[in-house]
Amino acid sequence: MKLYNTATGKKEDFRPLNDMKVGMYVCGVTVYDVCHIGHARSAVVFDVIRRYLRFKGYGVKFVKNFTDIDDKIINRARQEEIPWYDVARKYTLRYYDDMRRLGVADADVEPRATEHIEEIIRMVKGLVEKGHAYVVDGDVYFSVESFPGYGKLSGRRLEDMQAGARVEVDARKKNPMDFALWKKSSKEGEPAWDSPWGPGRPGWHIECSAMTLRHLGETLDIHAGGADLIFPHHENELTQSEAYTGKQFVRYWLHNGFITVDKEKMSKSLGNFFTIEEILDKYSPEAVRLFLLQTHYRSPIEFSNENIEEAEHSLEHFYQSMKRLEDFFLSQGKEGADAGKKIPKGLEEAVSSFMGALTDAMDDDFNTALAIGHVFELVKEINRFLDQRPSGGEAVRLLEQARELIGQASGVLNLFGRTPEQWQEMLIGVKRITVDEREIERLIEERRKARAGRDWKRADAIRAELEQKGIILEDGKDSTGWRVKA
RNA sequence: GGCGGCGUACCCAAGUGGCUAAGGGAGAGGUCUGCAAAACCUCGAUGCAGCGGUUCGAAUCCGCUCGCCGCCUCCA
């Protein structure tokens with residue numbers, strides 16, 4: 001298995017520190033606001049990576065944090081006129097809500113910064129003692145010049161960074177790039193914890209260092225997050241952690257690409273963002289997930305409603321095929337199997353090559369787009385096979401294998417895992433279908449009578465009426481089915 | 001200014017030296033159907049931003065040019 005390591009800029013063979021045990025940490029969110037689709041991408045992508053590692057047989061300890069103390073949270077609390085911890089609680093709950101809808105599994109450990117103040121203070125103290133940090137008037141700063149490797153993750157040198165620095169320099173810092181480990185509490189009502197340097201709160205990066213140390217030890221196998229965290233967040237995290245422990249902090253750094261709108265990065269400050277909630281208001285969560293996974297995790301994705309709609313159409317076709325497959329199994333149960341007739345080779349080949357193709361794709365830096373392509377190829381073969389009107393035990397076995405394989409892929413991607421009925425129910429909700437099922441059945445029955453009397457005008461009127469309400473009728477061999485228009 | 005990335009069909013997108021350049025969406029024609037829908041079949045880039053070069057062979061490596069974007073500030 002190869003994965004792209006930001007630290008080296010290359011695809012590398014994956015070798016965890018301890019054989020089949022993997023320690024993985026993903027930077028979660030700062031809970032000061034609702035999440036947008038960019039947050040969803042990061043969560044979904046690393047959810048799949050974690051699932052795939054499990055699939056490969058690794059024992060994964062997956063840690064995803066909440067940063068629940070930060071200037072942005074304090075500002076928000078002021079705005080909303082509620083205590084800062086209520087801001088954190090509120091948006092943590094919103095986060096869980098969004099993630100569950102997107103099919104993102106909970107992490108094994110979900111630590112919060114405020115639960116690790118003791119560790120943070122211990123680390124800061126240690127860094128001061130080792131001469132990597134200094135105290136100025138109740139604040140504690142990390143001295144970047146004390147750490148020779150500073151800049152090694154993001155690939156920049158101290159001198160280069162200073163030239164283009166856009167930040168106002170704090171005169172109390174020894175070097176403009178020095179960053180805060182501990183911030184003095186200055187205003188009344190601000191959250192504060194006692195420390196050797198007086199009351200204050202943690203700086204931005206130190207909480208992740210403290211949480212990783214407690215939950216995963218000194219060296220992590222994988223540390224992941226959005227590409228915008230490479231600098232300064234991950235660079236600083238790496239620096240302070242390695243300065244503190246003297247050990248390699250992370251073996252593989254993984255970073256996902258951005259979501260763009262009109263080619264520009266989606267971000268809070270530009271105001272060009274779409275929240276997860278508003279997107280899920282219009283589209284099925286599975287379509288959103290497919291939309292996110294159809295592109296390699298490091299490439300940018302252009303957001304648009306049309307692109308999500310396309311994903312939804314893909315899924316519609318997928319579940320149509322699954323319905324067909326389901327109907328086949330039912331018919332076999334009823335009619336019994338006659339001796340298998342000659343069956344074409346396509347499906348057999350697709351079935352036997354599928355697993356290899358899937359793992360090859362995923363082994364190559366988690367190429368979910370290619371893996372999804374393979375699923376669609378398999379579906380195409382299933383359809384072709386069913387077109388031959390197969391019957392008999394051999395056909396059933398082959399199709400059962402195909403279904404089993406899709407189930408395996410579904411376990412990794414957390415896509416394609418519903419039943420056709422569940423997909424329909426989901427669409428009824430998302431598309432706000434107002435006609436109830438009994439009314440649809442009544443109209444189908446009325447139309448059946450009209451058709452029996454060759455009253456095509458009435459029959460077509462009923463079809464049109466239902467289509468307007470988002471329901472598509474499909475005439476089968478001896479009955480009429482319906483589905484929600486995606 | 002420093003560092004990095006991207007440009008593949010109408011749209012999205014995989015592919016980073018060698019079998020006919022995956023897959024999806026949209027479209028056209030066909031089979032099926034009372035009409036549809038779905039499904040399947042067929043069609044669709046002799047070419048991968050442009051120009052040179054390396055090579056028996058390049059979308060894939062190298063150089064230049066054009067266009068777009070990101071990080072260097074909070075950010076997934």
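A, B, ... follow the sequence lines: proteins, then strands. Residue 1 opens every chain.
The side chain of A:Glu377 lies closest to B:A22, out of B:A22, B:C74, B:A76. Comparing B:C40, B:A38, B:A76 against the side chain of A:Phe258 picks out B:A76 as the nearest. Closest to the side chain of A:Arg451, from the set B:A38, B:A76, B:C35, is B:C35.
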Each nucleotide of nucleotides 3-21 of chain B classed B (base within 4.0 Å of a protein heavy atom), S (only sugar-phosphate) or -, in 5' to 3' order, makes S-------B-SSS------
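With A:Lys2 as the partner, the salt bridge (Lys or Arg N to Asp or Glu O under 4.0 Å) test is satisfied by one option alone out of A:Asp364, A:Asp13, A:Asp365: A:Asp13.
Using atom P as the reference point in both B:G52 and B:A58, the two lie 14 Å apart (nearest Å). To the nearest whole angstrom, the two C1' atoms, one in B:A45 and one in B:U8, are 8 Å apart. Comparing the same atom, C1', in B:A76 and in B:G15 gives a spacing of 27 Å after rounding to whole Å. For the P atoms, the distance linking B:A49 with B:U55 amounts to 23 Å, nearest Å. Separation of the C1' atoms belonging to B:U60 and B:G53 is 15 Å when rounded to the nearest angstrom. Between B:G44 and B:G7, the two P atoms lie 25 Å apart (nearest whole Å). Here, B:A59 and B:G17 have their C1' atoms 10 Å apart, quoted to the whole Å. Between B:C61 and B:G67, the two P atoms lie 22 Å apart (nearest whole Å).
Taking a 4.0 Å limit (strictly below) on heavy-atom distances, residues 312-319 of chain A reaches RNA chain B at A:His313, A:Ser314, A:His317. At a non-hydrogen distance threshold of 4.0 Å, nothing from residues 94-107 of chain A comes into contact with RNA chain B. Against RNA chain B, the stretch residues 30-51 of chain A makes heavy-atom approaches under 4.0 Å through A:His36, A:Gly38, A:His39, A:Ser42.
Other residues, nucleotides and ligands place no more than 12 heavy atoms under 6.0 Å from the CD atom of A:Glu277. Heavy-atom contacts from other residues, nucleotides or ligands closer than 6.0 Å to CD of A:Gln79 number more than 12. Atom CD of A:Glu80 has more than 12 neighbouring heavy atoms from other residues, nucleotides or ligands inside a 6.0 Å radius.
Residue A:Gly257 is classed as a base contact, given a heavy-atom separation below 4.0 Å to a base. Nucleic acid contact class of A:Lys380 (heavy atoms, under 4.0 Å, all strands): sugar-phosphate only. In this structure, A:Leu473 reaches the bases: a heavy-atom distance under 4.0 Å links it to at least one base atom across the strands shown. Counting non-hydrogen atoms under 4.0 angstrom, A:Gln320 reaches the backbone sugars and phosphates but no base. Backbone-only engagement by A:Asn383 is indicated by non-hydrogen atom pairs under 4.0 Å involving sugar-phosphate atoms exclusively.
Using a distance-only test at 3.5 Å, with no hydrogens or angles considered, a donor-acceptor pair links the side chain of A:Arg447 to the main chain of A:Ala459. Distance alone, capped at 3.5 Å, is enough to place a donor-acceptor pair between the A:Asn272 side chain and the A:Ser267 backbone. Of the possible donor and acceptor atoms, none in the side chain of A:Asn307 sits under 3.5 Å from a partner among the backbone N and O of A:Phe291.
Both geometric conditions, a ring-centre gap below 5.5 Å and a plane tilt below 30°, are fulfilled for A:Trp456 over the base of B:G34.
Take A:Lys485 and apply the side-chain contact (heavy atoms from CB on, under 4.5 Å) test, not counting sequence neighbours, and it matches A:Glu467, A:Ile472. In this structure, A:Trp84 has no side chain to side chain donor-acceptor pair (under 3.5 Å) partners at least two apart in sequence or on a different chain. Every side-chain contact (heavy atoms from CB on, under 4.5 Å) that A:Asp455 has, sequence neighbours left out, goes to A:Ala450, A:Lys457, A:Arg458. Residues satisfying the side-chain contact (heavy atoms from CB on, under 4.5 Å) criterion with A:Val104, sequence neighbours excluded, are A:Ala43, A:Val44, A:Asp47, A:Lys64, A:Met99, A:Leu102, A:Arg289. Here A:Ser299 pairs with A:Thr295, A:His296 under the side-chain contact (heavy atoms from CB on, under 4.5 Å) rule; sequence neighbours left out. With sequence neighbours left out, A:Tyr252 forms a ring-ring contact (aromatic ring centres under 6.0 Å, His included) with A:Phe14. With sequence neighbours excluded, no residue forms a ring-ring contact (aromatic ring centres under 6.0 Å, His included) with A:Phe46.
With hydrogens and angles ignored, a donor-acceptor pair closer than 3.5 Å exists between the side chain of A:Arg447 and the base of B:G34. No hydrogens or angles were tested; on distance alone, nothing pairs the side chain of A:Arg384 with the base of B:C41 as donor and acceptor under 3.5 Å.
We find that CD1 of A:Ile472 is positioned 18 Å from P of B:C35, with the value rounded to whole Å. Across the protein-nucleic acid pair, A:Asn236 atom CG and B:C72 atom P stand 12 Å apart, rounded to whole Å. Counting to the nearest Å, the C1' atom of B:A36 and the CZ atom of A:Arg454 are 16 Å from each other. The CZ atom of A:Phe291 sits 16 Å away from the P atom of B:G25 (whole-angstrom rounding). Atom CD1 in A:Ile462 sits about 18 Å away from atom P in B:C35, given to the nearest Å. Atoms CG (A:Asp71) and P (B:U73) sit 17 Å apart, rounded to a whole Å. For A:Lys265 and B:G70, the NZ to C1' distance is 8 Å, given to the nearest whole Å. For the pair A:Ile230 CD1 and B:A76 C1', the computed distance is 11 Å after rounding to whole Å.
Toward the 5' end of RNA chain B, the nearer of the two residues A:Glu264 and A:Leu229, judged by each one's closest nucleotide, is A:Glu264.
Between A:His255 and A:Trp253, the ring-plane angle classifies as parallel under the 30° and 60° cut-offs.
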Given the rule in the side chain to side chain donor-acceptor pair (under 3.5 Å) test, do A:Asp71 and A:Tyr32 qualify, once you have shown the distances and angles that lead to the verdict?
CA-CA 9 Å; A:Asp71 289 359; A:Tyr32 74 103; over 6 Å; no
So A:Arg483 and A:Tyr319, side chain to side chain contact (heavy atoms under 4.5 Å, CB included) or not? Walk me through it.
CA-CA 11 Å; A:Arg483 66 185 166 86; A:Tyr319 283 113; over 6 Å; no
Decide side chain to side chain contact (heavy atoms under 4.5 Å, CB included) for A:Phe416 and A:Leu315; before the verdict, give the C-alpha distance in whole Å, the side-chain angles of both, and the deciding distance to 0.1 Å.
CA-CA 8 Å; A:Phe416 310 122; A:Leu315 281 172; 3.8 Å; yes
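Smallest separation of non-hydrogen atoms from A:Asn65 and A:Gly28: OD1-N, 3.0 Å.
Helical stems involving RNA chain B, defined as 3 or more consecutive Watson-Crick or G-U pairs under 3.5 Å, span B:1-7 with B:66-72, B:10-12 with B:23-25, B:27-31 with B:39-43, B:49-53 with B:61-65.
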